Amino acid sequence: MSPHQLLASCWTTAGDAAPLRGDERSPFAIGDRIAAVAAAGWQGFGINQADLAATRSDPGWSVIRSILDDHGISHVEVEFLNEWWTDDERRRSSDAVRFELLAAAEVLRAGHIKVGSEFSGAPVEPDRFAAEFDILCNQAAEAGTRIALEPMPFSSLPTIESGARFINEVGNPAGGLCIDSWHVFRAGTDPSELPTILAPAIIFAAELSDADAEVVGTLFEDTINNRRLCGQGTWDLPSLVRAMRAAGFDGPWGVEIISNEQRARPLEEAVRLARETTLQVFAAAESGEWPD
C-alpha cells in the first residue's frame, strides 16, 4: 500500500464532463466512481456541484457517505463555488450553489470546499471581496468544513503569492488555499518560492497534473482540455512536491486530470493511470531522479 494519501478530484473520475460545458454531471454513477477509485487504491474522492445536486435525493448524500465509508475513502472534497462576492444577478445562482455545497459538505464530512475568484476580468472591490470571503468561511466552519480558495492565472488572484496575501489579510482560520500545480507553473511561479510564500496553516489542499510547454487556446481552454497525466508533460513535478513538503503540506494530495484524453478513457483505466503516474512523481521526489 502506498504511504501517499491521494484524492481523485471530481474531474479525474467524471468521464465525459467538463467545467462550464453545459451539464457538468458525470455520465458515470456515483457508486461506480467510488468503487473504481477504491479498487485502484485511492484514499480520497471529489464531487462537483452538478453531481451533488443530482444525487441529493437519489441515492442521497448520507447513502453516498456510507458508500465512501464502506470503500475506505476517508478524504472528501466538494466543489466549485464562484461569484460568491457578487451583488448582482449572478449572486442568486451562486448562493444556490453555495448552500448546496455547504449542506453536502456537512453530510459528507468534506475537508474543504473549493472556490475561485473573478474569471471575467471584471473589477473586484477589495473590501467587499474580503468581507464576503470572511462570511463564507464562517458559514463553512458552521458546517464543519473549510474554504480552499484556488488562485488561477486567468483570475483576479492570478498567483499563489496574491492568494496567500489575500488569505492572510482576511485572517479567518476556516479560509486557506488550494495549490494546483497547473496554476503554479502556468503563472510562472518557481516552486522553490512556495515555502517562503506559504505558511502551513493556510495550505488546505494541493493538486497535481502536468501539461505541455505551450498553451493551446486561452488559459482557461488549456486548463480544461489539455492537462496531462503526471510525468507526461514538461513540468518538474517532483520539485513542486518537495517544495510543498518544505512549506509544511503533508496531504492528502489531489490529482486533477482535466483533459479531452482523460474524458475519453474508461473509468477504471482513468483512475488507474492517474494514480500510477502520480506515484511515480512521489518516487522521483524522494530519489531525486526525474527524466528530462
Side-chain angles (χ1 to χ4, degrees), residues 9 77 79-85 111-134 136-137 140 146-211 213-215 218-220 222-224 227 230 233-256 258 281 285:
S9 87
E77 73 175 6
E79 61 172 284
F80 189 83
L81 179 65
N82 212 30
E83 299 178 340
W84 42 265
W85 63 90
H112 58 267
I113 299 170
K114 285 170 60 178
V115 309
S117 56
E118 181 60 66
F119 294 166
S120 71
V124 175
E125 200 282 308
D127 289 343
R128 178 178 180 82
F129 193 68
E132 289 289 344
F133 187 74
D134 193 45
L136 178 60
C137 291
R146 304 184 297 178
I147 299 298
L149 177 64
E150 191 168 7
M152 304 179 186
F154 45 80
S155 74
S156 57
L157 292 174
T159 64
I160 306 302
E161 186 173 15
S162 64
R165 187 183 311 115
F166 173 74
I167 294 296
N168 290 330
E169 288 172 353
V170 174
N172 191 310
L177 294 178
C178 173
I179 310 300
D180 182 322
S181 62
W182 197 96
H183 302 307
V184 171
F185 285 103
R186 283 293 191 236
T189 301
D190 188 324
S192 66
E193 300 172 9
L194 295 177
T196 301
I197 295 170
L198 298 168
I202 69 168
I203 309 174
F204 286 5
E207 295 180 335
L208 296 172
S209 64
D210 213 330
E214 299 299 322
V215 174
T218 66
L219 279 170
F220 182 76
D222 195 58
T223 199
I224 66 168
R227 295 194 188 203
C230 295
T234 60
W235 292 336
D236 184 357
L237 294 176
S239 71
L240 177 66
V241 169
R242 289 191 292 268
M244 289 295 290
R245 287 175 172 164
F249 183 71
D250 60 359
W253 292 81
V255 182
E256 188 174 51
I258 319 176
V281 171

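For the numbers below, each heavy atom of this structure counts, side chains included, while hydrogens, waters and symmetry mates do not. Being a predicted model, the structure only gives us computed values, none of them experimental.
- For the pair D210 (side chain) and G233 (backbone), a donor-acceptor distance under 3.5 Å is present.
- Using a 4.5 Å cut-off on side-chain heavy atoms (C-beta onward), R242 and L240 make no contact.
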Verdict with reasoning, M244 to I203, per side chain to side chain contact (heavy atoms under 4.5 Å, CB included):
CA-CA 9 Å; M244 289 295 290; I203 309 174; 3.7 Å; yes
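- A side-chain donor-acceptor contact under 3.5 Å links S181 to the backbone of S209.
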For the pair E207 and E150, evaluate side chain to side chain contact (heavy atoms under 4.5 Å, CB included) and give the outcome as yes or no after the intermediate values.
CA-CA 10 Å; E207 295 180 335; E150 191 168 7; 3.4 Å; yes
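- One finds the CZ atom of F249 at 12.0 Å from the CG atom of L194 (value rounded to the nearest 0.5 Å).
- No side-chain donor-acceptor contact under 3.5 Å links S162 to the backbone of P151.
- Note that the CG atom of L177 and the NE2 atom of H112 stand 11.5 Å from one another [nearest 0.5 Å].
- Two residues are said to be in side-chain contact when any heavy atoms from C-beta on lie closer than 4.5 Å; S117 and F166 fail this criterion.
- Every side-chain contact (heavy atoms from CB on, under 4.5 Å) that R146 has, sequence neighbours left out, goes to F204.
- Of all heavy-atom pairs spanning F119 and S155, the tightest one is CD2-CB, 3.8 Å.
- Here the closest heavy-atom approach between residue A211 and residue W235 is recorded as CB-CH2, 3.4 Å.
- W84 pairs by the ring pair (Phe, Tyr, Trp, His ring centres under 6.0 Å) definition with F129, F133, not counting sequence neighbours.
- Looking at every heavy atom in both residues, P191 comes nearest to A243 through O-CB, 3.1 Å.
- Residues satisfying the side-chain contact (heavy atoms from CB on, under 4.5 Å) criterion with I224, sequence neighbours excluded, are P19, F220, I258.
- Going from atom CD1 of I202 over to atom CD1 of I167 covers 6.5 Å, rounded to the nearest 0.5 Å.
- Between the SG atom of C178 and the CE atom of M152 there is a distance of 7.5 Å, given to the nearest 0.5 Å.
- Between W182 and L219, the closest side-chain pair of non-hydrogen atoms falls below 4.5 Å.
- Looking at every heavy atom in both residues, D236 comes nearest to S239 through O-OG, 2.6 Å.
- Every salt bridge (charged side-chain N to carboxylate O under 4.0 Å, His left out) that E256 has, sequence neighbours left out, goes to K114, R227.
- For the residue pair T189/T159, the side-chain donor-acceptor check at 3.5 Å is not satisfied.
- Results of the side chain to side chain contact (heavy atoms under 4.5 Å, CB included) test with C137 over I147, L149, V115 single out I147 as the only residue that passes.
- Atom OG of S9 sits about 15.0 Å away from atom CH2 of W253, to the nearest 0.5 Å.
- To the nearest 0.5 Å, atoms CZ (F154) and CG (D222) are separated by 9.5 Å.
- Partners of D134 under the side-chain contact (heavy atoms from CB on, under 4.5 Å) rule, at least two apart in sequence or in another chain, are N138, V170, N172.
- One N or O on the side chain of N168 and one on the backbone of A164 form a donor-acceptor pair closer than 3.5 Å.
- For A122, the side-chain contact (heavy atoms from CB on, under 4.5 Å) partners at least two apart in sequence or on another chain are E118, S120.
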